[in-house]
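Both backbone and side-chain heavy atoms feed into the values below; hydrogens, waters and symmetry mates do not.
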Amino acid sequence: MDSLYRALVNADVPEARRTVIGRLVFEHIPAAPQVDVQVRRQLIRLTACDSSGRLEMSLLPVQEKQRDTTLPAKIPPGATYAFRFSPQEVRSFVERLGDRNPLHRTERPLVPGYQIFRACLGNLPVRRAAIRFHRPTYANEDVYRLSAPGHIRGYTASGPVFDLTYEEELN
């Protein structure tokens, strides 16, 4: 899957600078290697295929909203701690995969959606997985999760940040 992401972030799409992932879908359907780019107004859709499968990424312009720190945290009961990425972990990840988005290279970088996607799935063999982001996650933010079979919902103190659905690979 990393090879697919690398192909997408290295596609020459000037409009993709300073965008965030709105949705990411992986399907384990091997195909001939190719990258497709579609730009419609403010939506950019990139698709890459290779022998590992198909990865589709929908990008949106970033809309940075400042969190009101006077509000209480919005972590629901039953959610468990999942992960946190330091700024160095974010920078190392984007360097390793060739992601040149400047939003991941600031003093307080945005965590790449693909990094969150990989952290949630770990080594779970999936036939299909899709993640939809509600808002960006920054380095040093604690991410919590509520899990059910085939579904993970992620939260930070700002509230819900993503919904991930997946189907495990059939053996």
Less than 3.5 Å apart, which donor and acceptor atoms pair up between the side chains of residues 21-31 and the rest of the protein, not counting sequence neighbours?
residue, atom, partner, partner atom, Å
Glu27, OE1, Arg54, NH1, 3.2
His28, ND1, Glu169, OE1, 3.2

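- When all heavy atoms are compared, the tightest approach of Pro136 to Val161 is O-CG1, 4.4 Å.
- For the pair Val62/Leu110, a side-chain contact is recorded, criterion being any heavy-atom separation below 4.5 Å from C-beta on.
- Under the rule for a ring pair (Phe, Tyr, Trp, His ring centres under 6.0 Å), Tyr155 has no partner lying at least two apart in sequence or in another chain.
- Shortest non-hydrogen contact noted between Leu46 and Leu59 is CD1-CD1, 3.7 Å.
- Rounding to the nearest 0.5 Å gives a distance of 7.5 Å between CZ of Arg145 and CZ of Phe83.
- Distance check: His104 NE2 to Leu97 CG gives 10.5 Å after rounding to the nearest 0.5 Å.
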Can you list the steps and then say if Ile44 with Ser58 is a side-chain contact (heavy atoms from CB on, under 4.5 Å)? CA-CA 6 Å; Ile44 301 166; Ser58 298; over 6 Å; no
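- Residues Pro33 and Cys49 fail the side-chain proximity criterion, which asks for heavy atoms closer than 4.5 Å.
- Among residues at least two apart or in separate chains, salt bridge (Lys or Arg N to Asp or Glu O under 4.0 Å) pairs with a member in residues 78-89 are Arg84-Asp142.
- The minimum heavy-atom distance between Glu141 and Ser158, with the atom names listed, is OE2-OG, 4.1 Å.
- When all heavy atoms of Leu146 and Pro77 are compared, the closest pair comes out as CD2-O, 4.1 Å.
- Under a 4.5 Å side-chain heavy-atom cut-off, the cluster of Ile, Leu, Val, Met, Phe, Trp and Tyr residues that includes Leu60 is completed by Leu43.
- Criterion: ILVMFWY side-chain heavy atoms under 4.5 Å apart, direct or through other members. Under it, Val9 and Ile116 are part of a common hydrophobic cluster.
- Atom CZ of Phe117 and atom CG of Leu164 lie 6.0 Å apart (nearest 0.5 Å).
- For Thr106, there are no side-chain hydrogen bond (donor to acceptor under 3.5 Å, both in side chains) partners at least two apart in sequence or on another chain.
- In terms of heavy atoms, Val20 sits closest to Pro61 at CG2-O, 4.4 Å.
- Applying the side-chain hydrogen bond (donor to acceptor under 3.5 Å, both in side chains) rule to Arg41 yields no partners; only residues at least two apart in sequence or on another chain are considered.
- Looking at residues two or more places apart in sequence or on another chain, you find no side-chain hydrogen bond (donor to acceptor under 3.5 Å, both in side chains) involving Thr165.
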What verdict does the side-chain contact (heavy atoms from CB on, under 4.5 Å) test give for Tyr138 and Val111, after you've listed the backbone C-alpha separation in whole Å, the side-chain angles of each residue and the deciding distance to 0.1 Å? CA-CA 5 Å; Tyr138 291 89; Val111 178; 5.8 Å; no
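- If you take CG on Asp36 and CG on Leu8, they are separated by 10.0 Å, rounding to the nearest 0.5 Å.
- The side-chain heavy atoms of Arg91 and Pro109, taken from C-beta on, include a pair separated by under 4.5 Å.
- In this structure, Tyr166 has no ring pair (Phe, Tyr, Trp, His ring centres under 6.0 Å) partners at least two apart in sequence or on a different chain.
- Taking all atoms of both residues into account, the shortest heavy-atom contact from Pro102 to Arg18 is CG-CG, 3.8 Å.
- Distance check, rounded to the nearest 0.5 Å: CG of Leu55 to CE of Met1 gives 7.5 Å.
- The salt bridge (charged side-chain N to carboxylate O under 4.0 Å, His left out) check on Arg105 picks up Glu95, with sequence neighbours excluded.
- Taking the side chain as every heavy atom from C-beta outward, Thr137 and Val143 approach each other to under 4.5 Å.
- The list of side chain to side chain donor-acceptor pair (under 3.5 Å) pairs with a residue in residues 111-122, not counting sequence neighbours, reads Asp2-Tyr114.
- By the neighbour-count criterion of 12 heavy atoms within 6.0 Å, atom CZ of Arg40 is sparsely surrounded, having that number or fewer from other residues, nucleotides or ligands.
- Residues passing the side-chain hydrogen bond (donor to acceptor under 3.5 Å, both in side chains) test with Asp99, sequence neighbours excluded: Tyr5.
- A donor-acceptor contact shorter than 3.5 Å links the side chain of Arg135 to the backbone of Pro160.
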Could you list the donor-acceptor pairs under 3.5 angstrom formed between side-chain atoms of residues 119-134 and any protein atom two or more places apart in sequence or on another chain?
residue, atom, partner, partner atom, Å
Arg127, NH2, Glu167, OE1, 2.5
Arg132, NH1, His134, ND1, 2.9
His134, NE2, Asp163, OD2, 2.7

